[in-house]
Engineer: 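Here it is, the structure in full.
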Number of protein chains: 2
Amino acid sequence: MTHENTDYVDILRTHGYRVTMPRMIVLDAVCAHEGHAAIADIQRLVYDMDPTIDRSTIYRALDVLVEVGLVVESDLGHPGKVYSIAGEANHHHLVCLQCGKVLSIRRDVIMGLKAQIHEAYGFDLQADHLTLNGLCRDCQSKKPPHSL
Amino acid sequence: MTHENTDYVDILRTHGYRVTMPRMIVLDAVCAHEGHAAIADIQRLVYDMDPTIDRSTIYRALDVLVEVGLVVESDLGHPGKVYSIAGEANHHHLVCLQCGKVLSIRRDVIMGLKAQIHEAYGFDLQADHLTLNGLCRDCQSKKPPHSL
DNA sequence: CAGCTTATTGCAAAAAGTCGCAATATCAGC
DNA sequence: GCTGATATTGCGACTTTTTGCAATAAGCTG
């Protein structure tokens with residue numbers, strides 16, 4: 001996935017951040033990885049492009065990229081977080097608490113909720129990339145329904 | 001001590017877990033702490049009750065308590081997760097990404113979403129305690145480019 | 001495009017979280 | 001109540017993530 005069409009330079013600047021080599025390389029790494037990239041994936045890709053970039057710099061770059069909305073961070077349950085490009089992140093995740101399976105659902109599924117919350121609380125839900133937990137179809141049938 | 005709620009013994013057993021001292025003490029610690037308890041809070045409270053309980057045991061106990069639904073885990077943005085008692089968690093959280101404010105919303109707000117997801121994907125959404133991010137009313141109007 | 005201001009980096013060290021394993025404690029069955 | 005099977009603990013070692021700080025580089029100004 002490329003991000004050539006995105007004005008990530010402007011996005012960083014308007015948020016008051018500087019455009020630096022490490023940040024662009026980290027962004028490239030997230031782009032280069034299909035689907036969800038774990039930290040280990042990103043670190044490896046970044047290292048291939050520039051071995052001098054430090055681990056801590058990668059963490060900090062990811063934080064910045066997430067904050068400005070270029071990258072999306074998800075906690076899928078298992079240790080460590082995963083990252084994906086915000087552009088292709090117009091979907092949300094259903095993570096099964098039992099088997100760990102990850103389903104992707106269409107973005108508009110939560111649009112009703114977003115509107116509802118905004119009306120009732122004046123809160124503008126960030127609807128980019130949510131992670132919702134529960135039980136997938138298979139695990140529901142395996143484990144008899146115990147009140148959750 | 002929350003002897004008022006004797007359900008936790010049954011709940012643990014029904015899920016195939018044993019009822020142990022460390023787990024009860026960790027549960028007590030989460031109970032004892034008003035609102036959201038950070039790991040550091042829990043560790044301190046647990047230590048006060050029993051200094052021999054290990055760090056790793058606390059982490060593992062929290063995992064179990066979260067899995068059986070007695071305790072609720074939230075990622076509020078800043079490093080580390082926070083925990084709260086599920087009993088008081090007939091609500092969900094809206095966390096402002098800008099100012100960190102935490103709003104509680106009523107549980108039934110997401111019931112429509114739950115039904116919708118179940119119909120479309122057969123996924124049983126765990127609707128106990130969601131943490132949703134976004135911008136609160138104040139920060140929407142302010143929207144300063146860069147700060148925390 | 002040189003100089004200035006300040007955000008950002010790399011490093012090193014600390015803190016937070018995870019994991020394997022022997023010892024221990026829970027609980028079912030007697 | 002004992003006893004045995006086994007889930008759980010505490011420990012230590014390990015990996016992952018965060019943080020403070022001096023050196024560096026980005027981006028403004030003229």
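We name chains A, B, ... by the order of the sequence lines, and we start the count at 1 in each one.
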Engineer: How do A/Arg55 and B/Pro79 order along DNA chain C: which one's closest nucleotide is nearer the 5' end?
Structural biologist: A/Arg55

Engineer: Among A/Thr57, A/Asp48, A/Ile53, A/Ile58, which residue meets the side-chain contact (heavy atoms from CB on, under 4.5 Å) test with A/Ile25?
Structural biologist: A/Ile53

Engineer: Look at atom OH of B/Tyr121 and say whether more than 12 heavy atoms of other residues, nucleotides or ligands are closer to it than 6.0 Å.
Structural biologist: yes

Engineer: Is there a side-chain contact between B/Tyr59 and the phosphate of C/dT18, meaning an N or O under 4.0 Å from OP1 or OP2?
Structural biologist: no

Engineer: Could you check how far NE2 of A/His78 sits from P of D/dT17, rounded to whole Å?
Structural biologist: 13 Å

Engineer: For A/Ile39 and D/dT18, what is the distance between atoms CD1 and P respectively, to the nearest whole Å?
Structural biologist: 8 Å

Engineer: Counting only heavy atoms from other residues, nucleotides and ligands, does the tally under 6.0 Å from CZ of B/Arg44 exceed 12?
Structural biologist: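 Counting other residues, nucleotides and ligands, CZ of B/Arg44 exceeds 12 neighbours.
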
Engineer: Are A/Arg13 and A/Asp10 close enough for a salt bridge, meaning some N to O gap below 4.0 Å?
Structural biologist: no

Engineer: Do the non-hydrogen side-chain atoms of B/Arg23 and B/Val68 ever get within less than 4.5 Å of each other?
Structural biologist: no

Engineer: Measuring from atom CZ of A/Arg18 to atom CG of A/Leu12, what distance do you get when rounded to the nearest 0.5 angstrom?
Structural biologist: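 Taking CZ in A/Arg18 and CG in A/Leu12, the distance rounds to 12.5 Å.
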
Engineer: Could you state the CE-P distance from B/Met24 to D/dT8, rounded to the nearest angstrom?
Structural biologist: 15 Å

Engineer: Expressed as a whole number of angstroms, how long is the span from B/Asp75:CG to C/dG17:P?
Structural biologist: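 From B/Asp75 CG to C/dG17 P: 11 Å.
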
Engineer: Taking only the side-chain nitrogens and oxygens of B/Arg23, find out if one of them lies under 4.0 Å from OP1 or OP2 of D/dT8.
Structural biologist: yes

Engineer: So, are A/Asp63 and A/Arg60 salt-bridged, with charged N and O less than 4.0 Å apart?
Structural biologist: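 So A/Asp63 does not pair with A/Arg60 through a salt bridge.
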
Engineer: What is the distance, rounded to the nearest whole Å, between atom CD of B/Glu73 and atom C1' of C/dA16?
Structural biologist: 14 Å

Engineer: Can you measure A/Lys81 atom NZ to C/dG17 atom P for me and round it to whole angstrom units?
Structural biologist: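 So the two atoms are 10 Å apart, to the nearest Å.
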
Engineer: Write down the distance between CG (A/Asp63) and C1' (D/dT19), rounded to a whole number of angstrom.
Structural biologist: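 Distance, rounded to whole Å: 12 Å.
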
Engineer: Ignoring hydrogens, what is the shortest heavy-atom contact between A/Ala29 and A/Val46? Give both atom names and the distance.
Structural biologist: CB-CG2, 3.7 Å

Engineer: With the side chain counted from C-beta on, respond yes when A/Val30 and A/Leu65 share a heavy-atom pair under 4.5 Å apart, and no when they do not.
Structural biologist: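 They are not in contact (no side-chain heavy atoms under 4.5 Å apart), so the answer is no.
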
Engineer: Rounded to the Å, how far apart are A/Tyr8 OH and D/dA26 P?
Structural biologist: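 The distance from OH of A/Tyr8 to P of D/dA26 comes to 14 Å, rounded to the nearest Å.
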
Engineer: Go through residues 43-54 of chain A and report each residue with a non-hydrogen atom lying under 4.0 Å from DNA chain C, sorted by number.
Structural biologist: A/Thr52, A/Ile53, A/Asp54

Engineer: What is the per-nucleotide protein-contact pattern of nucleotides 20-30 of chain C, from the 5' end, where B denotes a base atom under 4.0 Å from a protein heavy atom, S denotes such proximity for sugar-phosphate atoms only, and - denotes neither?
Structural biologist: B----BBS---

